[in-house]
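The structure under discussion appears below in the form of structure tokens.
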Amino acid sequence: MNAATHPFVRRTGLLFCLLFCALDLPSAKADVRDAARRLPDDTVVMVSVESVRDLRDALKRTSWYELYQDPAMQPLVRQIQEKVRQRVAEGIKKFWQEMELDAPPEEIPWPEGRLVLGFSVSGGAAQAGASGSAADTAEDTGLHVVLLADMGSRVEQARELMRALSADAGDSGDTVERRDVGGMELDVITAEEKSDYLRVCTGVKDTWLLVNFNTNDNMSFIESVAKRLGRSLPGHLGEKPGFASAVRALGEADVFVFVNADGLKQLAADKAKDKGKAKTMIEGLGLDNVTALATTLQIAGRRNQNTCTKTLLAVQGAKQGVPALLSPASAPLRLNDRLVTQDAVGFLCANVEPAGWYDGIAGIVRKAVFFDIHMMVQAVMMATAQGGGQPPVQFRDEVLGQMAAPFFATWKADRPYTTSTTAKVLMGFSVRDADRLDAAVSRVHHAFSGGREDLRRELLGHTLYLLPTPGSMGPEGTGATPPGTGQRQIQFPLATFQGGGAFAVAGDHIVFGPVEEVEQAMRSLQKDPARPLTSDPMFRYAREYLPSQAAAYYYRNDRLNAEMAWAMVQQAVQEMSNPPAGAPEKERVPLNPIVILLQELGRYVDWSELPDFKAMEKYWGATVGFVQARSEGIYCETTVLKPRPQ
């Protein structure tokens, strides 16, 4: 039996899907710590929704809602509204039919307060009593999911509905019994087929509705939750150090998601056959002092903001391993005006030192799996040794060591936008000693390309190094030695850029990307800045929401991004309306995934009603984000901005 397809699960799941989709819940503000106090400290994941009605009201204050309300969008919007309402009505009708209730309630009782979702993982009842082996515990590990909803004045309606669900489960052949669990009366429903164990508990206490799913017979999690309803007990999730750090750093929000890293690490250790190896791996990755991962979402919380998402990787003590890699020192935003221009859709800029990252990764691998990356890399670099006793390139010092922060990546796309439009990405680093770096990468390129001169060319006094593509590596792209070279060829990683990739050391930068983008960068680096992004009004507006210093910065012009998506949809609609003339029906099936998606959605929407983007561009602003290393851990913040005030 597949638990997900069990009749009772389907019906209960449908009920709570409708509950979350209703978006019509009364406001009930509370401290997120109150939600954590209702869950035991072995909870692995908690999701707390402050108030769905507040979310709905907040969405009305966003520019997205203004777009939704625009008169030009109404022909399309009305179609969507009618179809959604029809599907919801059909879903509710089907739900009551499956319930076979003689007198179904006129409406589903939506909660009037907070919603809390908790996930936990544990062994079965025997393993919980420490009577089983580690292997038995891993085999009988079960998932426990609990939903708590404050029903307020609708608690009696909810109670009747849960009783009806229990009666329906009994009629379906499941075992239904009433138990006192943690001082709370619950209906415990056990699936009739035990090949895939499933137990569902439902109950009401005070104004709280509780629904719990277990995939084994361990009832300790639900008992702990039931005991905490209406009273505070020690050993709750809010006592975890990572939770306290997350609340301090992130504050209150509409939605709060908390991942208990201590619980995950304990689970990984319990399930591992070799516990010593698992501990070494966790310590080697630097995760032993990571206590939590938490994210909050606030909608229209401040002026000019659509949404603000904050994330904290909580670290207790020094950052090591992976956390250390993710938290370089903060620095001011430094953009090269010659390379990041106004036609850029966005950019990423990080204060990353390549040699430092290399050392960090090498240290992690050495501690976690006892493998020396540097030795392996230098063994590969032996191919760069040349005649006359010239030693091989020292990859760490001569290549990575000559690159410096900041790292940047920028992307754009050429107009007119079509369904085949792809982003043109340019990446690069600043350079310490350009001559030394160019000499080193020249030797590496020569060795890995088999000395092929057709894979390099001169441009404006610098060398452009081309990356081999699948068709350029000899017979069938195998990397065979080109005729007449007389050299053993070591195959390059194949270029991932459309039309082939390249890199070059030019001026004070090394740049990577599609050939034409690298060529343009080499030209731009020898000119005065033309139309730099820093002079763009949208970027100047967005930059106000970035801190003066950060480890990494992110920016995206949502207006350009939306224009590309809009144009792709409109062209895809034309492709659907005008298939190739004379083509057999089976050959008219679109291969473009955008067209396929729009055809599926076309059952609900007439895409020809989509207005021209020019009239809609006023609703789009920009997205900015940053990363900072803080005392609590690694902090990230992403803000989607409303359009720039005119």
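Numbers for residues simply follow the sequence, beginning at 1.
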Closer than 3.5 angstrom, by distance alone: can the side chain of T215 be matched with the main-chain N or O of L143 as a donor-acceptor pair?
yes
Sub-4.5 Å side-chain heavy-atom contact between H374 and R366:
no
Could you tell me whether the side chain of D359 reaches within less than 4.5 Å of the side chain of R396, counting heavy atoms only?
yes
Do other residues, nucleotides or ligands put more than 12 heavy atoms under 6.0 Å from K227 NZ?
no
With L186 as reference, evaluate L210, V200, T202 under the side chain to side chain contact (heavy atoms under 4.5 Å, CB included) test and give the passing residue.
L210
Within the structure provided, determine whether S166 and I189 are in side-chain contact (heavy-atom separation under 4.5 Å).
yes
Please report the shortest heavy-atom distance between S122 and N218, naming the atom on each side.
OG-ND2, 3.3 Å
Does S220 offer a backbone N or O that forms a donor-acceptor pair with the side chain of S224 under 3.5 Å?
no
Could you walk me through whether M151 and R159 pass side-chain contact (heavy atoms from CB on, under 4.5 Å), step by step?
CA-CA 10 Å; M151 304 303 297; R159 193 190 306 273; over 6 Å; no
I want to check something: taking the side chain as every heavy atom from C-beta on, are D180 and E185 in contact at a cut-off of under 4.5 Å?
no
Looking at side-chain heavy atoms only, is the closest gap between N561 and T623 below 4.5 Å?
no
Are the side chain of E632 and the backbone N or O of A246 linked by a donor-acceptor pair below 3.5 Å?
no
Taking only residues two or more places apart in sequence, or in another chain, which ones meet R61 in a side chain to side chain donor-acceptor pair (under 3.5 Å)?
none
Once rounded to the nearest 0.5 Å, what's the spacing between atom CZ of F408 and atom CG of L348?
11.0 Å
Tell me the side chain to side chain donor-acceptor pair (under 3.5 Å) pairs involving residues 231-247, sequence neighbours left out?
S245-R248
Residues Q266 and D262: side-chain donor-acceptor under 3.5 angstrom
no
Please report the shortest heavy-atom distance between R228 and L233, naming the atom on each side.
NH1-O, 3.1 Å
In Å and rounded to the nearest 0.5 Å, what is the CE to NZ distance from M281 to K265?
15.0 Å
What residue pairs, at least two apart or across chains, pass ring pair (Phe, Tyr, Trp, His ring centres under 6.0 Å) with a residue in residues 257-298?
F243-F258
Within the 4.5 Å heavy-atom criterion, are Y555 and L333 side-chain neighbours or not?
no
Measure the OG1-OH distance between T638 and Y554 for me, rounded to the nearest 0.5 Å.
8.5 Å
Can you confirm whether R163 is buried at CZ, in the sense that more than 12 heavy atoms of other residues, nucleotides or ligands lie under 6.0 Å from that atom?
yes
Between N289 (side chain) and Q316 (backbone), is there a donor-acceptor pair under 3.5 Å?
yes
Donor-acceptor under 3.5 Å (Q628 side chain, Q549 main chain):
yes
Distance col, row I634:CD1 vs K319:NZ, nearest 0.5 angstrom, shows 6.5 Å
To the closest 0.5 Å, what do you measure between CE (M46) and CG (L148)?
11.0 Å
Identify each donor-acceptor pair in which a side-chain atom of residues 36-44 lies under 3.5 Å from a protein atom, sequence neighbours left out, and give them as a table.
from: T43; atom 1: OG1; to: P40; atom 2: O; distance (Å): 2.7

Please report whether the ring centroid of F407 lies less than 6.0 Å from that of F429.
yes
Chi angles and distances behind the side-chain contact (heavy atoms from CB on, under 4.5 Å) call for V32, V247
CA-CA 8 Å; V32 70; V247 172; 4.0 Å; yes
Considering non-hydrogen atoms only, spot the tightest contact between P328 and A629 and give its length.
O-CB, 4.4 Å
Side chain K275, main chain A269, donor-acceptor under 3.5 Å
yes
From CA spacing to verdict: side-chain contact (heavy atoms from CB on, under 4.5 Å), I364, L285:
CA-CA 6 Å; I364 291 171; L285 292 173; 3.7 Å; yes
Go through the structure and list residues passing side chain to side chain donor-acceptor pair (under 3.5 Å) with T410, not counting sequence neighbours.
none
Are V627 and L326 close enough, and set up right, to give a side-chain contact (heavy atoms from CB on, under 4.5 Å), and what steps lead you there?
CA-CA 9 Å; V627 178; L326 298 177; over 6 Å; no
Would you indicate whether the side-chain heavy atoms of I282 and K279 approach each other to under 4.5 Å?
no
Short side-chain to backbone donor-acceptor contact, W357 and L325, under 3.5 Å
yes
At their closest point, which heavy atom of A226 faces which heavy atom of K205, and how far apart are they?
O-NZ, 4.1 Å
Heavy-atom count around K367 NZ within 6.0 Å, excluding the residue itself: above 12?
no
Whether the side chain of K310 engages the backbone of Q298 through a donor-acceptor N/O pair (distance < 3.5 Å, no angle test) should be reported.
no
Do I299 and T62 have side chains that approach each other closer than 4.5 Å (heavy atoms only, starting at C-beta)?
yes
Taking atom OG of S327 and atom CD of Q320, what is their separation to the nearest 0.5 Å?
11.0 Å
Kindly write out the residues that satisfy side chain to side chain donor-acceptor pair (under 3.5 Å) with D57, not counting sequence neighbours, or none if the list is empty.
none
How close do D187 and R178 get, heavy atom to heavy atom, and via which atoms?
OD1-NE, 2.8 Å
Shortest non-hydrogen separation from A405 to N351 and the atoms involved:
CB-OD1, 3.2 Å
